[in-house]
Amino acid sequence: MDLQASRLDIESIRAGLRGSIGRHLLYFPETGSTNAELLASRPGAPVHGAVVITDYQTAGRGRLQRVWLAPPCSSLLFSVALAWPEDLPVAQSVMLAALAVADALESQVRLKTQLKWPNDVLVDGKKICGILGESSPRGYVVLGIGLNVNFDPSGTPGLPDTATSVECAAGGRVAREPLFLAVAGALEMWYRGVTRNRDGVFRAWCSRLALIGKDVSVHDSTGWWDGTAICLNPDGGLRVRARGGQERLVYAADVSLRAKPGTLQAGKRPLQ
Ligand code: BT5
C-alpha cells in the first residue's frame, strides 16, 4: 500500500504542539490499532500526554468488539494517554475527548456538531468521530479518537450510511495536521478544566447532548427497546424510562432518537 503521497507531516505537528498532549509522539505509517499500541508501549505506566498516531489501522477497534475503518491517509487516527484522577469516572474522559473534537471542528472548519451518547461526535446527524476510552493501569486512560477527514464514507465499503466526514460536511478537503493540533489544544484545555472544576466536563457535555427528555430507541444486549431518556449519571450511565414505566440504567448500548414514538418494529434498527 502506498501511503507516501499524503502521509501526515509529523514534523509540522511536532513543531505546532504547545502543551503536554503530544510531547511524547509516536507515529506509525501503519499499525494494528493505536489504542493497542499505546496500551502496550510502556507496560504499567503510559506517560501523560503520550500520543500514538497513524495513517492507517489494520485492526482499528470500536466498542463491544466492533471495528473502526478508515482508508489510508484519509483521517485522524490517534490515541492519547491522560493521567486520570481515581475519583473521576473514566466515562468523563470520553466526554472530554468529544468536547475537544467538537471544539476543533467548530474552530477549524466551522462545522456545527452534536454530541451523541456515549461516545460520538455528529455533524448533520451523522457520525464524524468515534471515541474509545480504555483504562490502563496506575491511573491512566487511553482515549482513541477516529475522526473522518478526507474521504467519502458513502463510497467506502463496510461503513454504515450514518457516517460522514469533514470533506463531506464542509464540502472540501482540509489539512489534517492543523486539525490534529486543534484537537490536541482543546484536549489540553478541557483537561486543565478537569483539575480545576470536577463537574465542568460532565456539565458541558450534558448541555450539548440533544437526548434528554426525548423518545429514544435503545439497542443493548437484550435487543431493541423504546423509552424516554431521563438523565445522565456522572459515571456515563444513561437513565431511560422504558415504555412499561420502569427505569433502566444503560451503559453498553446504542441509543437513537426516535422520530415518531411507537413506529419501531421489533428487531429493526431505527433511522438516525
Ligand atoms: C467507536 O466505537 O465509535 C469508537 C471508535 C474509535 C476509533 C479510534 S481510531 C484510533 C483508536 N484506535 C483504535 O483502534 N480505535 C480508536 P463504536 O461506538 O462501537 O462504533 C463502531 C461502529 O461505527 C462500527 O460498528 C461501524 O458501524 C461504525 N464505523 C466504523 N468505522 C466508522 C467510521 N470511520 N465512521 C463512522 N462510523 C464508523
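Along the sequence shown, residues carry numbers from 1. It should be emphasised that the depicted structure is a prediction, and the values quoted were computed from it without experimental measurement. First listed ligand is number 1; within each ligand, the first listed atom is number 1.
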Kindly say whether [Y] contributes a backbone atom to a donor-acceptor pair with the side chain of [X] at under 3.5 angstrom?
{"X": "Thr54", "Y": "Gln57", "value": "no"}
{"X": "Trp68", "Y": "Ser33", "value": "no"}
{"X": "Asp220", "Y": "Ala253", "value": "no"}
{"X": "Asp120", "Y": "Lys127", "value": "no"}

Among all protein heavy atoms in this structure, tell me which lies nearest to [atom], with the distance rounded to 0.1 Å.
{"atom": "atom 8 (C) of ligand 1", "value": "Gly146 N, 3.6 Å"}
{"atom": "atom 1 (C) of ligand 1", "value": "Asn119 ND2, 3.4 Å"}
{"atom": "atom 9 (S) of ligand 1", "value": "Gln57 NE2, 3.4 Å"}
{"atom": "atom 3 (O) of ligand 1", "value": "Lys127 NZ, 2.7 Å"}
{"atom": "atom 7 (C) of ligand 1", "value": "Trp68 CG, 3.5 Å"}
{"atom": "atom 36 (C) of ligand 1", "value": "Ala163 CB, 3.4 Å"}
{"atom": "atom 11 (C) of ligand 1", "value": "Thr34 OG1, 3.2 Å"}
{"atom": "atom 24 (C) of ligand 1", "value": "Val67 O, 3.4 Å"}

Provide the number and element of each atom of ligand 1 under 4.0 Å from a heavy atom of [X].
{"X": "Ile131", "value": "3 (O), 4 (C)"}
{"X": "Asn148", "value": "33 (C), 34 (N), 35 (N), 36 (C)"}
{"X": "Phe78", "value": "10 (C)"}
{"X": "Asn35", "value": "11 (C), 12 (N)"}
{"X": "Ser33", "value": "12 (N), 13 (C), 14 (O)"}

Answer with side chain, backbone, both or neither: which part of [X] has a heavy atom less than 4.0 angstrom from an atom of ligand 1?
{"X": "Ala70", "value": "neither"}
{"X": "Leu159", "value": "side chain"}
{"X": "Ile128", "value": "neither"}

Hey, is CZ on Arg241 packed in by over 12 heavy atoms from elsewhere, all under 6.0 Å?
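Atom CZ in Arg241 is not crowded, with 12 or fewer foreign heavy atoms closer than 6.0 Å.
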Give a yes or no on whether Asp124 atom CG has more than 12 heavy-atom contacts from other residues, nucleotides or ligands under 6.0 Å away.
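No, because the 6.0 Å sphere around CG of Asp124 holds 12 heavy atoms or fewer from other groups.
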Just to be sure I'm reading this right: ignoring hydrogens, which of Gln65, Arg66, Lys126 gets closest to atom 25 (O) of ligand 1? Compare them by their nearest heavy atoms.
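Going through Gln65, Arg66, Lys126 one by one, Arg66 has the nearest heavy atom to atom 25 (O) of ligand 1.
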Filter on ring pair (Phe, Tyr, Trp, His ring centres under 6.0 Å), then keep only pairs touching residues 148-196, sequence neighbours left out; what's left?
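Pairs touching residues 148-196 that pass the test: His48-Tyr191, Phe78-Phe180.
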Salt-bridge criterion met for [X] and [Y] (N-O under 4.0 Å):
{"X": "Asp103", "Y": "Arg208", "answer": "yes"}
{"X": "Asp254", "Y": "Arg66", "answer": "yes"}
{"X": "Asp161", "Y": "Lys126", "answer": "no"}
{"X": "Arg176", "Y": "Asp55", "answer": "yes"}

Under 3.5 Å between any N/O of Asp254 and any N/O of ligand 1: does that happen in this structure?
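No - when backbone and side-chain N and O of Asp254 are compared with those of ligand 1, no distance drops under 3.5 Å.
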Hey, does Leu69 come in under 3.5 Å of ligand 1, counting only N/O atoms on both sides?
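Such a contact does occur with ligand 1.
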Does the salt bridge (charged side-chain N to carboxylate O under 4.0 Å, His left out) test come out yes or no for Arg23 and Glu188, once each step is laid out?
CA-CA 12 Å; Arg23 199 179 296 146; Glu188 191 89 39; over 6 Å; no
Take every heavy atom of Gly60, measure it against each atom of ligand 1, and state whether any distance is under 4.0 Å.
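Gly60: in contact with ligand 1 (<4.0 Å).
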